[in-house]
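Just so we're clear, the structure is a prediction, and the values are computed from it rather than from any experiment.
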Amino acid sequence: MILQPSALVCLSSLWGVIVQAASPRNKQKPSQGQFPVTQNATVVEGGTINLTCRVDQNDNTSLQWSNPAQQTLYFDDKKALRDNRIELVRASWHELIISISDVALSDEGQYTCSLFTMPVKTSKAFLTVLGVPENPHITGFTSPTMEGEIIQLTCKSSGSKPAADIRWFKNDQEIKGMRKIKEQDNNGKTFTVISFLDFQGDRRDDGAIIRCRVDHESLNSTPQIAKQVLEIHYTPTVRILPSTLLPQEGQPLILTCESKGKPLPEPVLWTKDGGELPDPERMTVNGRELTISFLNKTDNGTYRCEATNSIGQSSAEYVLIINDVPKPLFPTTIIPLFTSATVKTTVAMSIRTTKSDFITKDPNALPGPVATDHALIGGIVAVVVFVTLCSIILLGRYLARHKGTYLTNEAKGADDAPDADTAIINAEGSQVNAEEKKEYFI
C-alpha cells in the first residue's frame with residue numbers, strides 16, 4: 001500500500017519532532033549544520049537522469065524528493081508517486097538518489113530535496129530537458145535546372161529546444177549570410193527553424209552537393225545533415241585541338257573537336273569554308289576527330305566544328321595554313337687566293353651567298369658549323385689582302401710622281417743657257433719660282 005504525500009509529510013514531521021525531543025544531544029546543540037546539497041541537471045529528451053541530494057551531517061533525519069508540482073517522489077526509500085519511470089538508486093541517512101528515465105519535455109522544472117529538521121530545510125535543483133531537432137529536409141529544387149535560372153532552396157527542422165542553428169555548405173565551402181527564421185511549435189516548448197538559400201545556377205555548379213547542416217547541443221557534436229545534388233543543364237562549349245602546331249605539306253593532320261555541355265552534345269558537325277568537306281577520301285570524320293591523311297596546298301582554309309544539345313548550339317573555328325617542307329642546307333668552303341682577280345671574285349661570292357638562300361655544295365667541305373667558320377675566315381683574309389694591295393699600289397704611284405717633279409725643277413732653264421754659269425743662275429731662279437708653284441700628283 002502506497003501512502004499519500006500529505007500523510008507522509010505529516011508522519012515525517014512528527015518523526016522529526018519525536019527524535020529531536022528524545023535526543024539529549026539535540027537539546028544541547030540544535031541541528032543548524034545540517035543542509036541538503038543538490039545540483040542542476042541537463043538531459044536530452046528521451047534520456048535518463050539521476051537526481052542526487054546529500055547531507056554531510058545528518059542525525060538520522062529523513063530526506064525527500066519532490067517534483068515541480070510539489071508531488072513527493074521518494075520519502076527516504078519509500079516510493080510515493082506511481083510513475084514507473086522513477087526509480088530509487090540509493091537511500092541512506094547522508095544521501096537520497098533517484099533516477100528518471102525516458103525524460104519528457106514536461107519533466108523540466110525545479111525539483112526540491114527536503115531535510116526534515118526543525119524547521120525543514122530544502123535545496124532546489126533545476127532539471128533542463130533539451131528538445132532534439134528532427135532531421136532536416138531541403139525543398140525547392142527542380143531537377144534539372146537551366147543555367148542562369150534562380151535556385152531557391154529551403155531547409156527546415158522542427159522540435160528543437162532551444163532553437164537549433166542551420167548552416168549551408170556548397171561542397172565543403174560554407175555559404176554565409178543566409179536568411180533564417182524560427183517559430184514556436186504548438187506545444188509551446190520546442191521550435192521550428194527555417195533557412196533560405198538563393199543563388200543563380202551556373203555550369204560550374206553542375207554536380208555540386210548542397211548541404212543543410214543542423215547544429216544543436218543535444219546532438220553531442222554530431223550534426224544532422226540533409227543533402228541535395230545539383231543538376232544544371234547548359235549550352236555546349238567547343239574548342240579545336242590540332243595534332244601539330246606546324247602542319248606541313250605531305251604530312252597527316254588530326255583535328256579534335258573538344259565539346260562540353262549538358263546534355264552531352266553528340267555528334268559534332270565538321271565543315272570547311274562554310275561548306276562540306278571537299279575531299280571525303282582524304283578527310284575522314286570519326287566521332288569528334290577530323291583526319292586529313294595527306295596535306296596539300298588545297299587544304300588551306302577555315303575548318304569549323306559545331307556542337308548542339310537540347311539547350312543550344314556552339315562552334316569553334318581553326319584556320320589551316322600549310323607550311324612548305326624546309327630544304328636541307330649544304331655547307332660551302334671558300335679558298336682565298338692572293339691575286340687581285342681572285343680576291344674580288346671571292347668577295348662578290350661572299351656577298352651573294354649572304355643574300356641568297358641557295359648554297360653550293362662542296363664535297364670536300366667540312367659538315368656543319370666548322371665549314372661555315374672557315375668560309376667566314378677566308379672571306380675576311382681576302383678582304384684584308386685586297387685592301388693591303390690597294391694601299392701599296394697607291395703609295396708607289398704617289399712616290400713615283402713626287403720624284404719626277406723634283407727632277408724637272410732641277411733641269412729647268414739649263415737647256416737654253418750658253419754656258420754653265422748662266423745655266424746655274426737660271427736654275428736658281430727657277431727654284432725660287434718653283435717654291436711659289438708646286439704641283440702635287442696623287
Side-chain angles (χ1 to χ4, degrees), residues 141-151 170-171 199-210 229-331 353-361 367-369:
F141 182 74
T142 302
S143 182
T145 297
M146 304 304 164
E147 183 179 26
E149 292 183 355
I150 300 300
I151 301 174
K170 181 188 292 185
N171 293 330
F199 62 98
Q200 188 176 29
D202 188 88
R203 63 184 61 197
R204 293 172 295 181
D205 295 332
D206 181 50
I209 301 176
I210 299 296
V229 180
L230 301 182
E231 183 180 0
I232 310 296
H233 283 192
Y234 53 93
T235 57
T237 57
V238 182
R239 65 173 181 170
I240 298 177
L241 304 176
S243 59
T244 177
L245 298 178
L246 295 174
Q248 296 179 357
E249 189 173 6
Q251 294 183 349
L253 176 66
I254 300 176
L255 300 179
T256 302
C257 182
E258 185 182 84
S259 59
K260 296 180 180 180
K262 194 164 186 180
L264 184 66
E266 193 71 47
V268 297
L269 176 64
W270 283 98
T271 59
K272 179 179 183 294
D273 296 331
E276 297 181 355
L277 298 177
D279 193 348
E281 294 183 358
R282 290 189 306 109
M283 301 178 179
T284 57
V285 176
N286 183 14
R288 290 181 170 82
E289 292 184 351
L290 169 61
T291 302
I292 305 177
S293 58
F294 187 87
L295 291 175
N296 56 48
K297 294 293 185 179
T298 61
D299 296 329
N300 287 339
T302 302
Y303 292 80
R304 181 184 180 92
C305 171
E306 294 182 359
T308 306
N309 62 9
S310 59
I311 309 302
Q313 183 186 84
S314 183
S315 63
E317 293 183 347
Y318 173 79
V319 178
L320 174 61
I321 300 176
I322 299 176
N323 299 300
D324 294 332
V325 179
K327 297 179 180 179
L329 300 178
F330 299 99
T353 303
T354 303
K355 294 182 179 180
S356 175
D357 292 335
F358 177 77
I359 303 176
T360 303
K361 181 177 179 181

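- Within 6.0 Å of the CD atom in Glu276, the count of heavy atoms belonging to other residues, nucleotides or ligands does not exceed 12.
- Checking each of Ile322, Asp299, Leu320 against Leu253 for a side-chain contact (heavy atoms from CB on, under 4.5 Å) leaves exactly one that passes, namely Leu320.
- Heavy-atom neighbours of Ile321 CD1 from other residues, nucleotides or ligands within 6.0 Å: at or below the threshold of 12.
- To the nearest 0.5 Å, atom NZ of residue Lys170 and atom CD1 of residue Ile209 are 12.5 Å apart.
- Taking Asp279 as the reference, Arg282 meet the side chain to side chain donor-acceptor pair (under 3.5 Å) condition, with sequence neighbours excluded.
- Residue pairs meeting the side-chain hydrogen bond (donor to acceptor under 3.5 Å, both in side chains) criterion with at least one member in residues 307-318, sequence neighbours excluded, are Arg304-Ser315, Arg304-Glu317, Thr308-Gln313.
- Residue Gln200 holds its CD atom at 9.5 Å from CD of Glu149, rounded to the nearest 0.5 Å.
- Note that CG of Asp324 and CD of Glu249 are 6.5 Å apart. Values are rounded to the nearest 0.5 Å.
- How far CD1 of Ile311 is from OG1 of Thr235: 8.0 Å, rounded to the nearest 0.5 Å.
- Taking CE of Met283 as the start and OG1 of Thr291 as the end, the distance is 11.0 Å to the nearest 0.5 Å.
- Across all non-hydrogen atoms, the minimal contact from Asn171 to Ala208 is OD1-CA, 3.7 Å.
- The stretch residues 254-264 participates, sequence neighbours left out, in these side-chain hydrogen bond (donor to acceptor under 3.5 Å, both in side chains) pairs: Asp206-Lys262, Arg239-Glu258, Ser259-Arg288.
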